[in-house]
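Data first, discussion second: the structure below is written as structure tokens.
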There are 2 protein chains.
Amino acid sequence: MSEKVILKFDADGLIPTVVQDSQTMEILMVAWMNADSLKRTLRNELWHKGATSGNTQKVMQIKVDCDGDTLLLFVNPTGPACHTGARSCFYRSLDSNS
Amino acid sequence: MSEKVILKFDADGLIPTVVQDSQTMEILMVAWMNADSLKRTLRNELWHKGATSGNTQKVMQIKVDCDGDTLLLFVNPTGPACHTGARSCFYRSLDSNS
């Protein structure tokens with residue numbers, strides 16, 4: 001779309017970002033990006049997940065929600081998304097006893 | 001899992017919640033839930049999206065991320081998730097010109 005998208009970062013300069021596997025459609029993680037991190041990701045088409053893990057994720061597409069305060073990244077993961085080593089951070093179910 | 005999950009709500013008492021269509025795997029929206037809203041959802045297996053839309057979403061499963069500060073709801077939507085009438089709030093792409 002040619003429409004200029006205005007993004008809304010929160011008071012800490014961050015925007016919540018859902019990371020979805022572009023092939024399996026599994027949600028891998030939710031992270032908070034700042035403007036610099038987003039700029040670098042748009043430029044490189046690669047998200048460096050942080051110095052600790054060294055993992056990168058190839059970004060296939062970025063979507064933004066209706067009110068511009070949340071991002072959705074479609075990625076091809078090159079390793080586990082979670083710091084525990086799990087493929088996805090959402091490996092636990094919540095039930096009504098929790 | 002039998003492990004007791006400790007949820008972390010933010011300073012405003014909210015937890016970011018990704019809502020995913022359990023059949024198409026499409027991300028429909030990201031919303032912020034409070035503890036009451038989550039309790040009601042766990043009890044009723046139904047998420048009342050707010051008085052304005054009147055829409056409800058049947059909750060099939062709730063997952064929690066590794067550090068307990070984000071939820072993932074698998075739902076069967078009974079109507080559009082977005083206040084614009086779109087099926088998903090993520091109907092816009094962001095490119096490097098944005």
Side-chain angles (χ1 to χ4, degrees), chain A residues 1-7 10-12 15-32 38-45 59-74 80-86 88-98, chain B residues 1-7 10-12 15-32 38-45 59-74 80-86 88-98:
Chain A
M1 289 178 66
S2 58
E3 179 200 353
K4 176 95 179 162
V5 175
I6 310 289
L7 293 182
D10 70 10
D12 296 318
I15 188 165
T17 303
V18 181
V19 181
Q20 184 168 25
D21 188 313
S22 62
Q23 294 184 306
T24 67
M25 298 290 273
E26 185 180 23
I27 301 304
L28 302 175
M29 63 188 295
V30 174
W32 271 252
L38 177 59
K39 258 187 225 163
R40 281 200 305 271
T41 302
L42 282 165
R43 205 181 303 134
N44 302 335
E45 295 176 352
V59 178
M60 310 308 287
Q61 193 184 13
I62 304 183
K63 296 197 146 195
V64 58
D65 78 343
C66 52
D67 49 5
D69 64 1
T70 311
L71 297 177
L72 172 59
L73 260 67
F74 290 95
C82 187
H83 74 285
T84 63
S88 162
C89 293
F90 294 92
Y91 53 82
R92 294 183 296 177
S93 283
L94 196 72
D95 61 36
S96 48
N97 299 318
S98 297
Chain B
M1 291 177 64
S2 58
E3 178 198 357
K4 176 94 180 164
V5 176
I6 310 289
L7 293 182
D10 71 10
D12 296 318
I15 189 164
T17 303
V18 181
V19 181
Q20 184 168 25
D21 188 311
S22 62
Q23 294 184 306
T24 67
M25 297 289 273
E26 186 180 24
I27 303 303
L28 301 176
M29 64 187 295
V30 173
W32 272 253
L38 176 60
K39 255 186 228 164
R40 280 200 306 269
T41 301
L42 282 165
R43 204 179 305 134
N44 301 335
E45 295 175 353
V59 177
M60 310 308 288
Q61 193 183 14
I62 303 183
K63 296 196 144 195
V64 58
D65 77 344
C66 52
D67 50 5
D69 63 1
T70 311
L71 297 177
L72 171 59
L73 260 68
F74 290 95
C82 187
H83 75 284
T84 63
S88 162
C89 292
F90 294 93
Y91 53 83
R92 294 181 298 176
S93 284
L94 196 72
D95 60 37
S96 47
N97 300 317
S98 296

Point to revise | Side chain, backbone, both or neither of B:Val18 within contact of chain A (heavy atoms, under 4.5 Å) | key: side chain
Practice item. Please determine, among A:Gly68, A:Ala86, A:Pro16, A:Cys89, the option with the most heavy-atom pairs under 4.5 Å with chain B. Key: A:Cys89
Review point. How many angstroms lie between CZ in B:Phe90 and CD1 in A:Ile62, if you round to the nearest 0.5 Å?
Key: 12.5 Å
Exercise for review: Start with the C-alpha distance between B:Ile27 and A:Ile27, add both sets of side-chain angles, then the distance that settles side-chain contact (heavy atoms from CB on, under 4.5 Å), and finish with yes or no.
Suggested key: CA-CA 9 Å; B:Ile27 303 303; A:Ile27 301 304; 2.9 Å; yes
Exercise for review: Measure A:Thr84 against the heavy atoms of chain B and call it side chain, backbone, both or neither at under 4.5 Å.
Suggested key: side chain
Review point. Is there a donor-acceptor pair under 3.5 Å between the side chain of A:Arg92 and the backbone N or O of B:Lys63?
Key: no
Review point. Do A:Gln20 side-chain atoms and B:Met25 backbone N/O form a donor-acceptor pair below 3.5 Å?
Key: yes
Review point. If we only count heavy atoms from C-beta on, is the A:Leu71 to B:Leu94 side-chain gap below 4.5 Å?
Key: yes
Check your understanding: Hey, what do you get for CG (B:Leu72) to CE (A:Met29), rounding to the nearest 0.5 Å?
Key -> 13.5 Å
Check your understanding: What part of A:Leu7 is in contact with chain B, defined as an atom under 4.5 angstrom from a non-hydrogen atom: side chain, backbone, both or neither?
Key -> side chain
Exercise for review: Pick one of side chain, backbone, both or neither for A:Ser88, based on which atoms fall under 4.5 Å of a heavy atom in chain B.
Suggested key: neither
